[in-house]
Amino acid sequence: MRQLTGELLALNTATLGHRQKFSEIVEQVAQAGFGAITPWRVEIDEANPQTNAQQIRAAGLQVNGYCRTAYLTGIDDNACHKAIEDNRVALNAAAELGAKHFIAVVGGLAHKQQSVTEARKQILDGLAQLGETAKQLAIPIALEPLHPYYAAERSLLNTITQALDWCQQLDSDIFGICIDSYHTWWEPQLESAITAAGNKILAFHVSDWLVPTKDPVFDRGMPGDGVIDNRTIRNMVEQTGFDGFIEVEIFSKDNWWQQEPQKVLETCYQRLTTVV
Ligand code: ZN
């Protein structure tokens, strides 16, 4: 296992709750000792991403991922088409920022949509179309399976094995997988699924599952405060040869998003280098 030091750590900006100006976030993340940042679309001026790219470079940070796709499911073809176009804009921004990958959170059932089968087909069709753009831009798309709690509203991609199966169906080396410990820790075949995912693993996100959780979406914990054995999972991921950033991503409406950003960053850094 690698010894985790700052240059191997990435900060997903959702962890800070999107409360500050992007330039401020970039400075603080760099000062806290992280090597990379993963911004969200809401923070980036996608009409002119060069300004943001320059801010990040000037702070000495790399861009790990870019978050994330608009959902690929829709009530009709027009809605799906709009989502694909929107995602192409994001892919362009990811390329301008120099991101290592673009995160795909694929979508659950669209409003009033009933067929899970149809929704999954829309997702795969949409990904296939996006894959062509991603290939031209050389921005890998990291398919992120989300915990089954999220299936109806956010993602019909729910396990690592399903993500690997989709990578095979999509049959393009531009697709890989993002493993987030929060979403996958419970998988009964976790180790064999990670081993099978192997060199398809593009990203690794960590946080913790609090017990009891107040909200499976917005009450994530700091690594070390919940039930996830992040170190064992990181070991499984690194055993495959993964040598990317270890990225902390915490949605925490009532706790960490209420705390001073500097304190959040310091705590993240300390936990990443001791319990993950
Ligand atoms: Zn994640």
Side-chain angles (χ1 to χ4, degrees), residues 8-18 29 34 36-43 63-72 87 90 94 99-108 123 127 139-151 153-164 166-167 175-187 190 193-194 197 200-210 213 215-223 225-230 233-234 236-238 242 244-253 256-257 264 268 271-272 276:
L8 295 175
L9 307 179
L11 190 283
N12 184 301
T13 60
T15 306
L16 299 174
H18 305 297
V29 170
F34 287 81
I37 192 166
T38 289
W40 280 65
R41 294 186 67 187
V42 64
E43 295 161 321
V63 179
N64 191 32
Y66 188 43
C67 283
R68 60 168 170 69
T69 48
Y71 298 151
L72 292 158
N87 284 321
K100 297 189 185 303
H101 52 265
F102 180 47
I103 294 287
V105 171
V106 297
I123 294 165
L127 287 171
I139 292 291
I141 296 177
L143 305 179
E144 180 166 352
L146 303 196
H147 188 283
Y149 173 89
Y150 293 65
E153 293 170 84
R154 288 179 170 80
S155 176
L156 283 163
L157 174 61
N158 305 103
T159 65
I160 297 166
T161 303
Q162 187 190 3
L164 185 57
W166 281 14
C167 283
F175 291 99
I177 301 172
C178 170
I179 293 179
D180 187 323
S181 69
Y182 188 79
H183 293 298
T184 57
W185 65 274
W186 58 275
E187 288 199 32
L190 184 62
I194 289 175
K200 282 283 175 195
I201 301 173
L202 297 175
F204 179 51
H205 296 173
V206 294
S207 62
D208 217 333
W209 189 287
L210 300 176
T213 179
D215 176 350
V217 180
F218 293 111
D219 185 34
R220 290 196 193 195
M222 187 64 68
D225 288 348
V227 296
I228 300 176
D229 185 352
N230 276 298
I233 301 174
R234 173 166 78 89
M236 291 174 190
V237 169
E238 291 187 356
F242 176 81
F245 290 102
I246 306 300
E247 178 173 319
V248 61
E249 181 188 40
I250 303 174
F251 300 80
S252 171
K253 211 161 35 130
W256 295 105
W257 289 358
V264 179
C268 285
R271 298 296 178 86
L272 285 166
V276 174

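All ligand and atom numbering here is 1-based and tracks the order in the structure.
- Looking at Glu43 and Ile37, their side chains never come closer than 4.5 Å, going by heavy atoms from C-beta outward.
- Sorted by chain and number, the protein atoms of type N, O or S within less than 2.8 Å of the Zn ion (ligand 1) are Glu144 OE2, Asp180 OD2, His205 ND1, Glu249 OE1.
- Ala163 is linked by a side chain to side chain contact (heavy atoms under 4.5 Å, CB included) to Pro145, Leu157, Ile177, counting only residues two or more places apart in sequence or in another chain.
- Each of Asn12, Leu272, Asn230 was checked for a side chain to side chain contact (heavy atoms under 4.5 Å, CB included) with Val248, and the lone residue meeting it is Leu272.
- Counting heavy atoms from C-beta outward, Ile250 and Asp208 have side chains that stay 4.5 Å or more apart.
- Side-chain atoms of Phe251 and Asp215, non-hydrogen and from C-beta on, never get closer than 4.5 Å to each other.
- For the pair Ile194 and Ile233, the minimum side-chain heavy-atom distance is below 4.5 Å.
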